[in-house]
Novice: 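Provided herewith is a single structure, encoded as structure tokens, for subsequent inquiry.
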There are 2 protein chains.
Amino acid sequence: MEQPEKNTKVYVEIVRQLRDMINKGGMKPGDKIPSERELSERLNAGRSSVREALRALELLGLIETRRGEGTFIRDFRGNQLVQLLSTFILQDKKAKDDVVETKSMIEADCLLLAAEKIQDEDIKRLKILIDDDHFEDEEFFRKMAKLADNHLFYRIWCILNDYYKALEMKTSKAEKAQYHLLVDALVTKNGELILNRHRILRNMSMK
Amino acid sequence: MEQPEKNTKVYVEIVRQLRDMINKGGMKPGDKIPSERELSERLNAGRSSVREALRALELLGLIETRRGEGTFIRDFRGNQLVQLLSTFILQDKKAKDDVVETKSMIEADCLLLAAEKIQDEDIKRLKILIDDDHFEDEEFFRKMAKLADNHLFYRIWCILNDYYKALEMKTSKAEKAQYHLLVDALVTKNGELILNRHRILRNMSMK
DNA sequence: AAGGATGCGTGGTCAGACCACTAAAATAGG
DNA sequence: CCTATTTTAGTGGTCTGACCACGCATCCTT
């Protein structure tokens with residue numbers, strides 16, 4: 001009945017320590033982290049435990065290991081991860097529908113937030129982006145998620161987007177004109193209008 | 001320069017095999033998977049490799065291990081994923097405003113979704129909940145997140161709620177009457193009205 | 001029959017041994 | 001002196017075997 005401490009497994013503790021080491025140590029993607037043997041010595045744990053932690057992080061796409069070289073921090077916009085998880089998780093239709101629904105609503109939220117903060121300069125760039133020959137819906141909403149200027153929303157959107165891509169659904173591409181209309185709506189800062197045009201873009205039924 | 005085969009590490013291969021075993025074997029959450037020793041024998045790999053795979057899946061929240069008992073498939077319809085990534089990525093970027101803003105908007109989304117699916121029975125229970133002496137805002141919106149019937153949204157809300165509580169902000173408690181008004185708005189299924197009353201509840205400025 | 005002791009199977013952890021691979025250092029050749 | 005080759009040290013990848021701690025069922029005592 002003591003403190004609920006020490007219940008954590010060693011490898012989880014190592015994950016924590018690594019996280020702190022990375023965050024507080026100001027390490028960036030590409031940086032090399034200590035070798036497994038050094039970590040096991042420094043953290044006072046067996047090498048196998050260190051490996052369990054590293055393998056887990058590797059599967060998450062947070063680090064990258066190269067035999068003979070070492071282990072490196074990765075630029076984690078994780079896709080490895082989502083790929084894997086989706087094969088595990090997204091089996092029933094309900095889960096897939098949830099992804100689509102959630103992504104759409106998060107995007108709507110981002111649109112509303114972006115509308116408040118958007119600058120003329122941003123508008124210009126968006127217009128150019130849409131007219132580009134290789135314009136992609138994904139890039140448009142990624143930009144939007146960034147313009148929302150809310151790190152949390154951006155992260156959530158990225159993850160949902162990865163899931164969405166893993167679904168490999170056949171999507172009907174919207175006309176460029178519709179994206180232009182949506183951007184125009186952003187300028188007006190009229191929430192109703194923005195949501196409406198977003199719904200049209202996503203072929204959602206109106207309510 | 002041959003086929004890009006056999007490059008996969010053992011533990012990754014084990015993850016794959018486990019996935020197939022679960023999917024094709026028709027195993028459900030709660031089911032027990034073979035012991036580490038049996039797996040290492042059956043898959044012709046060392047126990048440490050098996051463990052690396054299992055630990056990775058555990059960190060992902062896909063399985064659950066209980067010492068002395070075994071390893072079990074977990075109910076993973078949702079996505080532990082967001083949980084993990086956020087604890088890693090949002091470590092020190094405690095953008096409090098982002099948390100508050102995001103939570104509020106996610107709750108609004110849940111309200112809209114819940115409005116579509118809510119039953120008379122749910123309304124009744126909500127009314128009772130509000131009138132309870134120990135009524136808490138948190139419980140109200142947790143219920144709402146569940147009523148939205150979107151597991152993803154629910155998970156996201158839970159995480160945001162955890163962060164929010166960690167902020168330990170002093171909050172001005174809304175009147176019970178306002179919650180009642182919000183529930184009444186849900187019945188009407190009028191999106192505008194719902195969002196308005198939610199804004200009032202959260203003391204947000206109107207646009 | 002009820003309660004406690006025991007044993008077996010499980011995950012948790014560690015240490016050590018190899019192997020395969022890489023990059024850098026030492027060496028041989030020109 | 002500079003280059004090409006070999007050697008070497010360090011790294012991750014894997015396996016084995018040994019313990020420990022814990023949960024459960026079984027058996028034994030009372």
Side-chain angles (χ1 to χ4, degrees), chain A residues 1-18 21-22 25 27 29-74 76 80 84, chain B residues 1-18 21-22 27 29-74 76 80:
Chain A
M1 295 298 137
E2 301 74 15
Q3 310 90 306
E5 292 292 357
K6 288 299 135 204
N7 283 344
T8 42
K9 305 176 190 178
V10 173
Y11 91 96
V12 173
E13 179 59 24
I14 293 177
V15 167
R16 272 196 62 267
Q17 302 239 18
L18 282 171
M21 190 181 304
I22 292 173
M27 302 179 72
D31 286 356
K32 187 165 179 285
I33 68 180
S35 74
E36 298 179 353
R37 289 171 177 84
E38 182 179 342
L39 281 176
S40 81
E41 190 172 344
R42 206 200 289 186
L43 301 182
N44 214 36
R47 192 183 155 209
S48 49
S49 291
V50 171
R51 278 187 62 82
E52 288 179 6
L54 290 178
R55 268 352 96 214
L57 293 181
E58 185 183 53
L59 200 63
L60 277 171
L62 295 173
I63 61 174
E64 176 185 1
T65 58
R66 296 199 283 272
R67 174 189 260 172
E69 296 182 62
T71 304
F72 305 83
I73 300 177
R74 201 166 164 184
F76 41 76
Q80 177 72 17
L84 172 79
Chain B
M1 300 280 141
E2 301 75 14
Q3 310 89 303
E5 292 291 357
K6 286 299 135 204
N7 284 345
T8 41
K9 305 173 190 178
V10 173
Y11 91 96
V12 173
E13 180 60 24
I14 293 177
V15 168
R16 276 196 59 262
Q17 302 238 19
L18 281 172
M21 190 182 303
I22 292 172
M27 301 179 73
D31 286 355
K32 186 165 180 286
I33 68 181
S35 75
E36 298 180 351
R37 289 172 177 84
E38 181 179 342
L39 280 176
S40 81
E41 191 173 342
R42 205 201 288 188
L43 300 183
N44 214 36
R47 192 184 156 208
S48 50
S49 292
V50 171
R51 278 187 62 82
E52 288 179 6
L54 290 178
R55 269 350 97 215
L57 292 180
E58 185 183 51
L59 198 63
L60 283 173
L62 296 174
I63 60 175
E64 177 184 1
T65 58
R66 296 200 283 272
R67 174 190 255 170
E69 296 182 62
T71 304
F72 304 84
I73 300 178
R74 207 166 160 185
F76 48 67
Q80 182 71 6

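Throughout, a chain's letter reflects where its sequence line sits, starting with A, and its residues are numbered from 1.
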Novice: Less than 3.5 Å between a donor and an acceptor, one on the side chain of A/Arg66 and one on the base of D/dG12, is that the case here?
Specialist: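 By the distance-only test, no, there is no pair.
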
Novice: If you round to the nearest 0.5 Å, how far is OG1 of A/Thr71 from CG of A/Leu57?
Specialist: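 Here the rounded value is 10.0 Å.
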
Novice: Please state how far atom CD in A/Glu69 lies from atom C1' in D/dA9, giving the value in whole angstrom units.
Specialist: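 Those two atoms, CD and C1', are 15 Å apart.
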
Novice: What is the separation between atom CZ on B/Arg67 and atom P on C/dG11, rounded to the nearest whole Å?
Specialist: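 Checked: the CZ to P distance equals 12 Å.
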
Novice: Looking at D/dG13, D/dT11, C/dT13, which one has an atom nearest to any side-chain atom of A/Val10?
Specialist: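 The answer is C/dT13, which lies nearest to the side chain.
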
Novice: Quick one: A/Ile14 CD1 to C/dG12 C1', roughly how many Å, whole number?
Specialist: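 After rounding, the reported distance stands at 12 Å.
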
Novice: Thinking salt bridges, do A/Arg55 and A/Glu52 make one under a 4.0 Å N-O criterion?
Specialist: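 Looking at A/Arg55 and A/Glu52, the cut-off is not met.
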
Novice: Return yes if the base of C/dG11 and the side-chain atoms of B/Arg37 contain a donor-acceptor N/O pair under 3.5 Å, otherwise no.
Specialist: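 Looking at the base of C/dG11, it does pair with a donor or acceptor on the side chain of B/Arg37 (distance under 3.5 Å).
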
Novice: Salt bridge between A/Glu58 and B/Lys9, side-chain N to carboxylate O under 4.0 Å?
Specialist: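 Salt bridge flag = yes for B/Lys9 with A/Glu58.
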
Novice: Whole angstroms only, please: what is the CD-P distance between A/Glu38 and D/dA9?
Specialist: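 It works out to 19 Å between those atoms.
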
Novice: Base, sugar-phosphate alone, or nothing: which one does A/Ser49 contact when heavy atoms must sit under 4.0 Å apart?
Specialist: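 Sugar-phosphate contact only.
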
Novice: Within this structure, what is the CG-to-P distance between A/Asn44 and C/dT13, rounded to whole angstrom?
Specialist: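 To the nearest whole Å, that distance equals 13 Å.
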
Novice: To the nearest 0.5 Å, what is the distance between CD on B/Glu13 and CG on B/Asn44?
Specialist: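 Taking CD in B/Glu13 and CG in B/Asn44, the distance rounds to 11.5 Å.
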
Novice: What integer distance in Å separates A/Glu52:CD from D/dG12:P?
Specialist: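 Taking CD of A/Glu52 and P of D/dG12, I get 16 Å after rounding.
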
Novice: Does a side-chain N or O of A/Arg47 approach OP1 or OP2 of C/dA15 to a distance below 4.0 Å, or not?
Specialist: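 No, no such contact exists.
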
Novice: Would you mind reporting whether B/Leu54 and B/Leu18 have side-chain heavy atoms less than 4.5 Å apart?
Specialist: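 SC-SC contact between B/Leu18 and B/Leu54 confirmed.
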
Novice: Have a look at A/Gly46 and say if it touches a base, only the backbone sugar-phosphate, or nothing, with a 4.0 Å heavy-atom cut-off.
Specialist: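 Answer is sugar-phosphate: A/Gly46 comes under 4.0 Å of backbone atoms only.
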
Novice: Go through D/dC24, C/dG11, D/dT14 for me and flag the one nearest to the B/Lys9 side chain.
Specialist: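 Out of D/dC24, C/dG11, D/dT14, the nucleotide with an atom closest to B/Lys9's side chain is D/dT14.
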
Novice: Under 4.0 Å, heavy atoms only, any strand: does B/Ser48 hit a base, just the sugar-phosphate, or nothing?
Specialist: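 Base, at least one base heavy atom under 4.0 Å.
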
Novice: Is it the case that D/dG12 (base atoms only) and A/Arg55 (side chain only) share a donor and an acceptor within less than 3.5 Å, ignoring hydrogens and angles?
Specialist: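 No pair found.
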
Novice: Is the distance from OP1 or OP2 of D/dG13 to the nearest side-chain N or O of A/Thr65 less than 4.0 Å?
Specialist: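 So the side chain of A/Thr65 is within the cut-off, an N or O lying under 4.0 Å from OP1 or OP2 of D/dG13.
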
Novice: Under 4.0 Å, counting only non-hydrogen atoms across every strand here, what does A/Thr71 touch: a base, just sugar-phosphate, or nothing?
Specialist: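 Sugar-phosphate, no base atom in range.
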
Novice: Please report, rounded to the nearest Å, how far the P atom of D/dG12 is from the CG atom of A/Leu39.
Specialist: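 Rounded to the whole Å, the gap is 8 Å.
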
Novice: Expressed as a whole number of angstroms, how long is the span from B/Leu59:CG to C/dG11:C1'?
Specialist: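 The distance from CG of B/Leu59 to C1' of C/dG11 comes to 17 Å, rounded to the nearest Å.
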
